[in-house]
Structures are given as structure tokens and as C-alpha cells.
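Order of the sequence lines fixes the chain letters, A, B, ..., with proteins taken first and strands second; residue numbering starts at 1 for each chain.
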Protein chains: 2
Amino acid sequence: MAGLTAPLLGLQKKSLREQALSALRTAITSGELAPGRHLVETELSEMLQISRGTLREALRQLEQEGLLSAGPRGRLSVRHLDEKEIRDIFAVRAALESLAARTLCELPDRAHAIQSLRQTIDVMEAAQDLSLEERIESDMNFHRTLCRLTGNETLLHSWESLEGSIRMSIMFGGLEKGVKNMSVDRHRDIVAAIETGDASLARKTIRAHMDSAAANLVA
Amino acid sequence: MAGLTAPLLGLQKKSLREQALSALRTAITSGELAPGRHLVETELSEMLQISRGTLREALRQLEQEGLLSAGPRGRLSVRHLDEKEIRDIFAVRAALESLAARTLCELPDRAHAIQSLRQTIDVMEAAQDLSLEERIESDMNFHRTLCRLTGNETLLHSWESLEGSIRMSIMFGGLEKGVKNMSVDRHRDIVAAIETGDASLARKTIRAHMDSAAANLVA
DNA sequence: TGTAAGTCGACTGTTTACAGTCGGTCGTAG
DNA sequence: CTACGACCGACTGTAAACAGTCGACTTACA
């Protein structure tokens with residue numbers, strides 16, 4: 001937990017609030033702040049070296065992202081995910097990414113999008129031998145890119161709002177299980193489906209990917 | 001805009017932040033705060049009779065809901081939606097509600113859910129002769145209920161995060177156009193599809209409903 | 001010994017004050 | 001008349017202080 005201060009001292013291009021947001025997100029999704037852990041504002045503000053007012057703005061955002069749950073009298077704690085919630089999160093994720101895939105399928109000239117996706121998969125492939133964290137990172141990047149390439153800002157925003165929950169799910173289920181679902185081939189299948197323009201196939205591929213990911217996590 | 005203070009003076013069961021949140025949401029989705037309008041913190045805090053700190057927490061939340069857009073140096077303004085964005089919002093909405101419908105279809109005993117949905121439609125029917133606002137309210141209630149009945153909290157939360165944008169879309173497209181899509185029959189079709197348990201049919205019904213709604217709004 | 005009242009402490013909700021920064025405007029010089 | 005520069009106002013970012021509330025612990029009394 002002492003590492004919480006470090007990220008803030010570095011690169012000061014962003015506002016303190018955004019820095020605190022990133023630091024907290026990382027701390028939560030990395031397990032540094034364990035699920036169920038009660039958060040005390042004064043404690044956190046001191047650790048992050050920021051004022052409570054600024055911290056509270058960040059906490060509101062995290063709360064909305066579903067990383068924190070509010071107890072009585074505004075007491076915040078790190079959200080705890082049970083198996084059903086993980087499945088639910090991945091169901092919503094699947095719905096969003098299915099929309100993304102379908103949207104890309106309907107794109108007349110999706111060559112550039114296909115190329116971009118392939119590029120992210122290449123990065124994944126190169127990360128195979130790296131740490132679990134970096135493999136997860138490259139996987140998330142693929143899926144985020146999938147949403148971004150649609151040009152649907154609302155879709156991207158919704159997905160990003162879910163990103164924290166997804167990361168928590170992976171952490172909760174265990175990183176080892178998490179990376180199991182990140183096979184390069186699976187992702188190539190998705191891109192291939194999009195390339196054919198078969199929206200139905202793309203949707204099925206995405207859903208299968210998500211279902212197995214969720215199933216593996218809760219197993 | 002003078003009406004902004006009123007909601008806060010009444011029922012003080014919620015925190016000031018939540019009251020401000022509701023007041024601002026209403027002000028934006030009702031058009032009282034016009035799209036593109038620049039928001040000044042001191043101005044708003046004075047109107048709502050709350051401090052800037054408390055106000056800022058509410059603003060962060062609205063920002064995340066997509067009702068506000070951030071300009072340079074954190075300048076906030078009411079988000080302006082163009083036609084593409086409205087279509088995009090409804091595409092995401094369709095994806096979420098399709099998931100809801102599919103989930104309900106797969107529910108073994110969905111009799112209770114069906115009944116709840118029928119009830120909300122009855123309310124819609126009774127609201128036919130009331131104001132546009134009330135008709136919209138009853139329509140939103142149906143769709144929110146659709147998501148809630150799945151028991152998927154993440155789905156409900158994602159939908160509610162989108163609710164503000166949906167309301168803005170309706171306001172932007174014109175309330176008259178908005179209510180056109182809220183025919184009782186359409187909604188009965190959705191419930192009927194869910195009742196049969198045909199997930200594919202339910203999905204198609206939802207998507208048709210959403211597509212026509214979006215199309216009407218931007219027409 | 002059990003219970004009830006009272007006190008202490010911790011935490012959140014809220015407000016007020018201060019600092020920094022950007023843009024505009026007015027004045028002046030070329 | 002234009003261009004440059006210093007001042008001024010407005011607004012956000014941030015910090016510190018105040019107030020209220022709930023729970024826990026202690027103590028007194030039956």
C-alpha cells in the first residue's frame with residue numbers, strides 16, 4: 001500500500017484527481033486494496049498526498065465504475081465480486097463487444113480496422129513471455145480497441161466504465177485463470193469473423209469467448 | 001433556471017450531493033440547461049445553495065454519465081448530441097436491452113417478470129392522456145424494469161448510466177417525436193416475445209423498437 | 001451480573017478560504 | 001492603425017477547518 005504515493009509523484013501532466021483515480025484503480029485491480037476493504041477518506045488522502053475534497057471526487061468516479069460499494073452513511077469499501085456478479089459483468093461485456101463486432105462488420109471499408117486489430121494481437125503475441133500483468137494489459141487493449149474502432153463514443157465509454165469491473169473479475173478469479181482465456185488464436189478468430197462481414201458469426205465468436213472466459217474465472 | 005433551487009428545499013432525506021445531482025440531471029434533460037451551455041461552478045453552487053466542493057462531486061458523476069463534456073482546463077458544458085451520437089446511444093441501449101430480454105427469456109419461471117412488465121405497460125397506457133413528460137417517464141420505467149428484472153446488477157447499472165443520455169436524445173430530437181415511439185403495442189410485443197422464450201425474436205423486437213426510435217428522433 | 005445511560009472517538013458531509021492559470025482588455029509605442 | 005505587453009478579472013484546482021452522526025466503550029444503578 002505504500003506504493004500508492006509513488007504514482008502521484010511522477011508525471012504531473014494530469015490533475016491530481018486523475019492521478020488519484022489511476023492510482024486507486026490500479027491499487028484495487030491489482031489487489032493492493034483487497035475486496036471488502038473499508039476505505040477511510042482521511043487515510044487515503046494522506047497516503048495519496050491530496051486533499052479530501054479532491055479525493056472524494058475520485059471516489060465518486062470509482063463508485064460509479066463499480067469498483068467501490070457504498071455502505072451505510074456513505075462508508076465506502078472495495079467491491080467484492082461473487083461468481084454470479086462476474087458472470088453478469090461478462091454478459092454485459094459480451095453484449096457491448098458483440099455490438100462492436102457487428103458495427104465493424106457493417107463497415108464498408110473495414111480494412112484499416114482489421115489491420116489495427118491485427119496489430120494489437122501481434123502485441124499480445126509478443127507479450128506471451130512477459131508477466132501476467134502485461135499479458136492482461138495487451139488483452140484489454142485488444143478489446144478496448146475493438147470498441148474504439150467502431151467510432152461509437154458511447155459504446156467505448158460504456159465499455160471503459162466496465163473495464164474496472166472486468167479487471168476486478170480477473171483478479172478475483174485469479175490471474176492465472178484469467179490469462180488462460182487470452183489465447184491469441186481466439187482473438188484471431190474474432191478478427192477473422194469481422195473480416196468476413198458475417199455479423200452473426202462475429203457475435204457468436206465474441207459470446208463464446210466471453211462465456212468461456214467467465215466460466216474459467218469462476219471455475 | 002430559477003427552479004433549480006426548489007428541488008433542494010424539499011425532501012431532505014438525501015445528501016446534498018444527491019439532491020444536486022437530481023436537480024442538475026432534471027435541469028439538463030428538461031432543457032433548462034441547454035446543450036452546449038457552459039457551466040460555471042460558482043454560479044451553480046450559488047443557485048443550488050450548496051458549496052462548490054459538494055457541487056463538484058455531483059458534476060463528476062454527471063460527467064461520467066455523459067451529460068457533461070469537459071473542455072480545456074476542466075471547463076464543463078452541457079453535452080451536445082448530434083444525430084450520429086443519438087444513433088450510437090440507441091445502438092448501445094439496444095445491445096443492453098437485448099441482453100436483458102435474452103436473459104429473461106432464459107429464465108425458467110419468468111411469469112412474475114412478465115407480470116411486472118405488463119404492469120408497467122398498464123401504467124404507460126394510463127399515462128396516454130397525460131403530459132409528454134409523464135409519458136416519457138412511464139416509458140423509461142418500462143425499460144428500466146426490463147433491465148432490473150434480469151437480476152443483473154451490472155446490466156442495470158450500465159443502463160442507468162446511459163439513461164441520462166437517452167433522455168437527452170429524446171429532448172434533443174423533440175419530445176413529440178420521442179413519444180411517437182412509445183406505443184403501447186410495441187412494448188406488448190416485446191413482453192410477448194419474452195413470454196414465448198424465443199430469445200432471437202425478443203432481440204429482434206427490441207432492436208426494431210430501438211432502431212425506429214432512433215430513426216424517428218433524428219428525422 | 002445485566003442493563004441502560006452517558007461519554008468518547010472516528011468518520012463522513014459540508015463549507016470556506018487560498019493559490020494558480022488562462023484569456024481578455026486596455027494602454028502605449030512604433 | 002497595428003502590434004505588443006502588462007494588468008485585471010474569472011474560473012478551476014486544492015487545501016484546511018467545522019459540524020453532525022453513529023458506534024463502541026465505560027460506568028453507574030438495579
* Asked: Once you round it to whole Å, what is the distance between C1' of dT16(C) and CD1 of Ile50(B)?
  -> 14 Å

* Asked: Using a cut-off of 4.0 Å on non-hydrogen atoms, how would the nucleic acid contact of Arg17(B) be classed: base, sugar-phosphate, or nothing?
  -> sugar-phosphate

* OP1 or OP2 of dA15(D) under 4.0 Å from side-chain N/O of Ser51(A) -> yes

* Given that Arg75(B) and Gly53(A) both sit by DNA chain D, which one's nearest nucleotide is further toward the 5' end? -> Arg75(B)

* Asked: Are OP1 or OP2 of dT15(C) and a side-chain N or O of Thr54(B) less than 4.0 angstrom apart?
  -> yes

* **Sidechain-backbone polar pair: Ser45(B) side chain, Glu41(B) backbone, donor-acceptor under 3.5 Å** => yes

* Asked: Any donor-acceptor pair under 3.5 Å linking the side chain of Arg110(A) with the backbone of Ile194(A)?
  -> yes

* Asked: Does a nitrogen or oxygen in the side chain of Arg52(A) sit under 4.0 Å from OP1 or OP2 of dA15(D)?
  -> no

* Please state whether the phosphate of dG13(D), meaning OP1 or OP2, lies under 4.0 angstrom from any side-chain nitrogen or oxygen of Arg60(B). => yes

* Do Thr103(A) side-chain atoms and Leu99(A) backbone N/O form a donor-acceptor pair below 3.5 Å? -> yes

* Under 4.0 Å between any heavy atoms, over every strand shown, what does Leu39(B) touch: base, sugar-phosphate, or nothing? Just pick one. => sugar-phosphate

* **Whole-Å distance separating the CG atom of Leu59(A) from the P atom of dC11(C)** => 15 Å

* Tell me: CG of Leu44(B) to C1' of dC11(D), nearest whole Å? -> 13 Å

* Asked: To the nearest Å, how far apart are Glu43(A) CD and dC11(C) P?
  -> 7 Å

* **d(CD, Glu46(A); P, dA15(D)) in whole Å** => 13 Å

* **Side-chain (Glu85(B)) to main-chain (Asp82(B)) donor-acceptor, under 3.5 angstrom** => yes

* **Whole-Å gap separating P (dG20(C)) and CG (Leu16(A))** => 13 Å

* To do: Could you tell me whether His112(A) atom NE2 has more than 12 heavy atoms of other residues or ligands within 6.0 Å of it?
  => no

* Between dA24(D) (P) and Arg73(A) (CZ): distance, integer Å -> 9 Å

* Expressed in angstrom and rounded to an integer, what is the separation of Arg56(A) atom CZ from dC11(C) atom C1'? -> 10 Å

